[in-house]
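Here is the structure we will look at, set down as C-alpha cells.
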Amino acid sequence: MTAIDQARAAERVPAPAISGLIEDALAVVGLPAADAGKVAELMTEADLTGADAHGVFRLPQYVRRLRAGGVNRTPDIRVTKTAAATALVDGDNGMGHLVMARAADPAIARARAAGVAWVGARRSNHAGSAGVYAALPLAHGMIGIYSVVASANHMAPCGGAETLLGTNPLAVAIPAGSEAPVVLDMATTVVSYGTVKAYRMQGKEMPADWMVSREDGRPVTDSARSADGLLLPIGGYKGSGLALVLGLLAGTLNGAAFGRDVIDFNYDDESACDNGHFIVALDVARFVPLAAFTTEVDRHVRDLRNSQRLPGFDAIRLPGEQRRQRRADRLRHGVPMPQELLAQLDKLADELGVKPLRDR
C-alpha cells in the first residue's frame with residue numbers, strides 16, 4: 001500500500017476547512033483579517049504538500065504565543081534595499097509566514113531585474129515548511145532557495161552534548177516542464193523536530209537512529225523522552241557542518257539569533273524568538289532559455305527515474321514527485337489527520353469560540 005493509499009484510509013479534512021479554521025482562530029487572537037488569511041494560506045499549503053508537522057498541527061502553539069505576547073500581532077514589516085540584488089527584511093517580531101511572504105516579493109522582483117537576488121530576514125518567527133517558500137519563485141520561471149535558523153536547538157555539534165544547533169532546514173526548488181518541479185526540502189537532522197512532536201502526540205515509538213541521550217549517547221526511542229535527547233545530524237559531521245553554515249547565513253548574517261542565543265519556542269511563549277531566514281531567487285533565463293532548461297530538467301528526471309534499480313527497491317523516487325502527487329490527492333480527497341490532532345483542534349476551536357473542523 002502506497003503512502004497515498006494509506007492516507008486515503010485515514011480521516012480526511014477538506015483543505016478549505018483547514019484554512020478556514022486557521023484564519024478564524026488567528027483572527028480571534030488579534031491578527032488582522034488579511035494577515036490571518038495569508039498565514040492560513042501558507043499553513044494549508046504545508047498540509048497539502050505533505051509537511052504535516054508544519055501546517056495546522058502548529059496552530060495551537062501559534063495561538064499560545066500570540067496570546068502570551070511572544071509574537072507581534074500587528075507588525076510593521078519593513079524591507080530595506082541594501083544593493084541592486086540584496087535586501088534585508090525587519091519582521092518586527094511578526095508571524096514568520098508574513099515575514100517570508102513579504103521577503104519573497106523583493107527577491108523575485110530583484111531577480112527579475114538583476115538575474116539573482118538574496119533577501120535576508122531578522123526579528124521573525126517560525127514560518128513552517130521550508131519547501132513552501134523555496135517554491136514561491138517557481139511561478140516566475142525562477143529557482144528558489146530557502147533556509148532558516150530553527151526555532152529551537154535540538155542538535156549538538158558533531159561529538160558534542162550541548163544543543164547548540166537547530167534542525168536548520170534547506171529547501172531548493174527547480175522548475176521543470178511536464179514533470180514535477182524538483183523540490184528538495186530537508187532538515188539537517190535525520191528528522192525534523194516537528195515530526196518528533198507528532199510522534200509524541202500520538203504516543204508512537206521513534207526509530208533508533210533519530211535521537212540519542214545527551215547523557216550516554218544511547219538511542220532514545222521513547223517519544224515521551226524526546227526533550228531529553230539530541231537529534232542526530234544527517235551524514236554525521238556533514239549534517240552538523242551544514243547546520244552550522246546555514247545558521248550563520250540565515251542567522252548571523254542577518255543580525256538574528258543563532259547558537260546559544262536561540263529561544264526555544266516550544267517552552268517559551270512570551271519571548272521574541274528573533275528568527276533569521278534567507279530566500280534566494282535565480283532567474284533561469286539569464287543562463288539559458290526557460291523552455292530549454294525545463295525540457296532538459298524533464299529529460300534528466302526521466303533518465304534518473306527509469307535507471308536500473310537495486311534489489312529491494314520498487315521505484316526510484318526524486319524530490320518533488322510525491323509532493324505534487326500528494327497535493328493533488330489531498331486537494332481531491334482532503335488532508336489526513338490523526339484523531340489526536342483532531343481532538344486538539346476541536347478543543348482549541350471550543351476555547352476560541354470558532355466553528356470546529358468537522359462542522360466546516
Side-chain angles (χ1 to χ4, degrees), residues 1-26 28-29 39-40 42-68 126 128-129 132 150-152 154 167 187 189-208 210-211 220-229 231 264-269 322 326-327 329-331 333-360:
M1 180 181 287
T2 67
I4 288 177
D5 289 335
Q6 290 173 346
R8 284 198 181 113
E11 182 167 353
R12 295 285 192 137
V13 179
I18 295 171
S19 181
L21 173 65
I22 295 170
E23 187 170 354
D24 290 349
L26 294 178
V28 166
V29 293
V39 175
L42 294 168
M43 289 177 66
T44 304
E45 183 66 14
D47 279 319
L48 286 171
T49 52
D52 296 336
H54 292 298
V56 72
F57 172 82
R58 296 282 181 171
L59 183 60
Q61 183 178 22
Y62 292 159
V63 166
R64 286 199 314 271
R65 284 188 52 77
L66 284 161
R67 280 176 153 176
H126 190 271
S129 169
V132 167
S151 298
H154 295 291
T167 57
T189 46
V190 173
V191 65
S192 76
Y193 195 71
T195 302
V196 171
K197 290 174 70 175
Y199 267 60
R200 187 170 64 220
M201 178 185 69
Q202 298 174 65
K204 295 169 63 176
E205 184 170 308
M206 301 183 297
W210 282 12
M211 301 190 86
V220 174
T221 58
D222 182 357
S223 58
R225 294 182 51 229
S226 57
D228 300 324
L231 279 175
D264 188 341
F265 83 145
N266 296 296
Y267 298 100
D268 185 342
D269 290 335
Q322 290 190 324
R326 194 175 290 116
R327 191 178 193 281
D329 173 76
R330 292 182 175 193
L331 277 172
H333 300 287
V335 176
M337 288 194 188
Q339 292 300 317
E340 295 87 350
L341 177 56
L342 285 170
Q344 281 191 10
L345 295 174
D346 285 347
K347 179 182 178 183
L348 179 67
D350 183 62
E351 291 173 356
L352 297 177
V354 300
K355 188 185 299 183
L357 276 177
R358 291 185 176 91
D359 293 342
R360 293 178 180 269

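Note that the structure is a prediction, hence the values are computed from the model and not measured. The figures that follow rest on heavy atoms only: side chains count, while hydrogens, waters and symmetry mates do not.
Among all heavy-atom pairs drawn from Thr221 and Ala208, the shortest one is CG2-CA, 3.8 Å. Ser19 and Ala40 make their closest contact through O-CB, 3.5 Å (heavy atoms, listed as atom of the first residue, atom of the second, distance). The two residues Ser129 and Ala46 make their nearest non-hydrogen contact at CB-CB, 3.8 Å. Closest non-hydrogen pair, Trp210 versus Val190, comes out as CD1-CG1, 3.8 Å. Across all non-hydrogen atoms, the minimal contact from Asp264 to Ala152 is OD1-CB, 3.3 Å. What you find for Pro60 and Gln344 is that their closest heavy atoms are CG-OE1, 4.2 Å.
Lys197 is listed as a side-chain neighbour of Asn266, based on a closest heavy-atom distance under 4.5 Å. Taking 4.5 Å as the limit, every side-chain heavy atom of Glu23 sits out of range of all side-chain heavy atoms of Thr44. With a 4.5 Å cut-off on side-chain heavy atoms, Met206 and Thr195 do not count as touching.
Of the candidates Gln61, Arg67, Arg65, Val63 forms a side-chain contact (heavy atoms from CB on, under 4.5 Å) with just one, namely Arg67.
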Leu342 vs Val13, side-chain contact (heavy atoms from CB on, under 4.5 Å): CA-CA, chis, key distance, verdict: CA-CA 10 Å; Leu342 285 170; Val13 179; 4.0 Å; yes
Step-by-step side-chain contact (heavy atoms from CB on, under 4.5 Å) determination, Arg360 to Leu21: CA-CA 8 Å; Arg360 293 178 180 269; Leu21 173 65; 3.8 Å; yes
Verdict with supporting geometry, Val56 and Met337, side-chain contact (heavy atoms from CB on, under 4.5 Å): CA-CA 10 Å; Val56 72; Met337 288 194 188; 3.3 Å; yes
Val132/His54 under side-chain contact (heavy atoms from CB on, under 4.5 Å): CA gap, chis, key distance, verdict: CA-CA 10 Å; Val132 167; His54 292 298; over 6 Å; no
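Between the OH atom in Tyr193 and the CE atom in Met211 there is a gap of 6.0 Å [rounded to 0.5 Å]. Between the CZ atom of Arg200 and the CG atom of Asp222 there is a distance of 10.5 Å, given to the nearest 0.5 Å. Rounding to the nearest 0.5 Å gives a distance of 12.5 Å between OG1 of Thr49 and CD of Gln322. Taking CE of Met201 as the start and CG of Leu341 as the end, the distance is 5.0 Å to the nearest 0.5 Å.
Relative orientation of the Phe265 and His126 rings is parallel, given thresholds of 30° and 60° on the angle between their planes.
Screening residues 44-59 for salt bridge (charged side-chain N to carboxylate O under 4.0 Å, His left out), with sequence neighbours left out, gives Glu45-Arg327, Asp52-Arg330.
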Per-pair distances, 0.1 Å, donor-acceptor, side chain in residues 352-359, under 3.5 Å, sequence neighbours excluded:
{"from": "Arg358", "atom 1": "NH1", "to": "Asp346", "atom 2": "OD2", "distance (Å)": "2.4"}
{"from": "Arg358", "atom 1": "NH2", "to": "Gln339", "atom 2": "OE1", "distance (Å)": "3.4"}

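For the salt bridge (charged side-chain N to carboxylate O under 4.0 Å, His left out) test, no residue two or more places apart in sequence or in another chain qualifies with Asp228.
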